[in-house]
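The structure under discussion appears below in the form of structure tokens.
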Amino acid sequence: MAPEKGLAAGNTATLILKLLEEQDMYGYQMIETLAKRSDNTFNLKAGTLYPLLHGLENKGMVESYEEKADSERVRKYYRITPKGKKLLQEKCMEWAAYSSAVNKVLNGGLRYGIV
């Protein structure tokens, strides 16, 4: 069963920041990596990703630069900034608390993974 799309919508920026924490990437690379790592649960379209990246860039969370990919093509790469790393850390902590609370409810008040 595929997760509800609304669950992913609010967390897409966090997922993108996580990818960029690991390495600088260009847009298509982010789309492919996210799909692969999530077993195709997260299938972003370019029309979703690029406005998100531009918003993160405007807020100072990521920055972009261009680099030659081959003799003809120039790719736009994105990297996370210190401000973006701080936001990512906060969002990861929020997610851990949220998912822990949901799992406690789903498991009848027991901590997830502990029987």
Side-chain angles (χ1 to χ4, degrees):
M1 182 165 119
E4 188 178 325
K5 285 190 184 232
L7 290 173
N11 297 296
T12 306
T14 303
L15 299 174
I16 294 303
L17 289 173
K18 181 60 183 172
L19 293 179
L20 294 176
E21 181 187 45
E22 296 169 7
Q23 71 179 58
D24 297 0
M25 293 184 166
Y26 56 93
Y28 182 73
Q29 185 180 15
M30 286 181 240
I31 290 170
E32 289 296 305
T33 303
L34 195 54
K36 182 178 177 183
R37 287 195 189 173
S38 69
D39 295 325
N40 292 310
T41 298
F42 303 113
N43 282 309
L44 289 184
K45 304 288 185 228
T48 301
L49 176 64
Y50 288 106
L52 175 66
L53 286 169
H54 294 144
L56 289 170
E57 192 168 25
N58 288 338
K59 293 176 185 173
M61 303 299 168
V62 302
E63 57 190 20
S64 63
Y65 62 94
E66 292 183 350
E67 192 170 286
K68 279 195 171 189
D70 52 37
S71 62
E72 297 290 321
R73 188 174 15 178
V74 174
R75 285 192 175 136
K76 188 172 188 177
Y77 284 84
Y78 294 86
R79 74 173 133 238
I80 192 168
T81 64
K83 188 175 178 181
K85 287 181 182 183
K86 185 174 187 244
L87 177 65
L88 175 60
Q89 184 179 19
E90 291 168 4
K91 291 297 184 182
C92 286
M93 289 171 47
E94 285 176 16
W95 180 257
Y98 176 79
S99 61
S100 174
V102 168
N103 284 320
K104 285 179 189 176
V105 171
L106 294 176
N107 291 301
L110 299 173
R111 294 175 84 203
Y112 183 70
I114 300 174
V115 182

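Numbers for residues simply follow the sequence, beginning at 1.
Defined by atom type and a distance below 3.5 Å, a donor-acceptor pair is present between the side-chain atoms of E32 and Y28.
To the nearest 0.5 Å, the span separating CE on M61 from NZ on K86 amounts to 9.0 Å. The structure places CZ of F42 at 13.0 Å from OG1 of T48, a figure rounded to the nearest 0.5 Å. The NZ atom of K18 sits 10.5 Å away from atom CD of Q89, with the distance rounded to the nearest 0.5 Å. Between E94 atom CD and S99 atom OG the span is 11.5 Å, to the nearest 0.5 Å.
Here E66 pairs with nothing under the salt bridge (Lys or Arg N to Asp or Glu O under 4.0 Å) rule; sequence neighbours left out.
Two residues are said to be in side-chain contact when any heavy atoms from C-beta on lie closer than 4.5 Å; L20 and M30 meet this criterion. Side-chain atoms of M25 and L19, non-hydrogen and from C-beta on, do get closer than 4.5 Å to each other. Looking at heavy atoms from C-beta onward, D24 lies out of side-chain contact with Y78 at the 4.5 angstrom threshold. Side chains of K91 and L17 form no contact here, defined as non-hydrogen atoms less than 4.5 Å apart.
Both L87 and L49 are members of a single hydrophobic cluster when ILVMFWY side chains are connected at heavy-atom separations under 4.5 Å. I80 is not connected to M93 by any chain of hydrophobic side-chain contacts under 4.5 Å among Ile, Leu, Val, Met, Phe, Trp and Tyr, and they are in different clusters. Residues Y26 and L52 fall into different hydrophobic clusters, defined by Ile, Leu, Val, Met, Phe, Trp and Tyr side chains chained together at heavy-atom separations under 4.5 Å. In the hydrophobic clustering of this structure, Y77 does not group with L44; members are Ile, Leu, Val, Met, Phe, Trp, Tyr whose side-chain heavy atoms approach within less than 4.5 Å, directly or through other members.
In terms of heavy-atom proximity, I31 sits nearest to K45 at CD1-C, 4.2 Å. Contact detail for Y50 and G27: the closest heavy-atom pair is OH-CA, 3.2 Å. Between S64 and E57, the shortest heavy-atom distance links the atoms OG-OE2, 2.6 Å. Of all the heavy atoms in I16 and L53, the pair that sits closest is CG2-CD2, 3.9 Å. For the residue pair A46 and P51, the shortest heavy atom distance occurs at O-CD, 3.9 Å.
A donor-acceptor pair under 3.5 Å is formed between the side chain of N43 and the backbone N or O of N40.
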Could you walk me through whether Q29 and Q23 pass the side-chain contact (heavy atoms from CB on, under 4.5 Å) test, one step at a time?
CA-CA 11 Å; Q29 185 180 15; Q23 71 179 58; 3.0 Å; yes

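Ion pair R79/E63 flagged as a salt bridge, since at least one NZ, NE, NH1 or NH2 atom sits closer than 4.0 Å to an Asp/Glu carboxylate oxygen.
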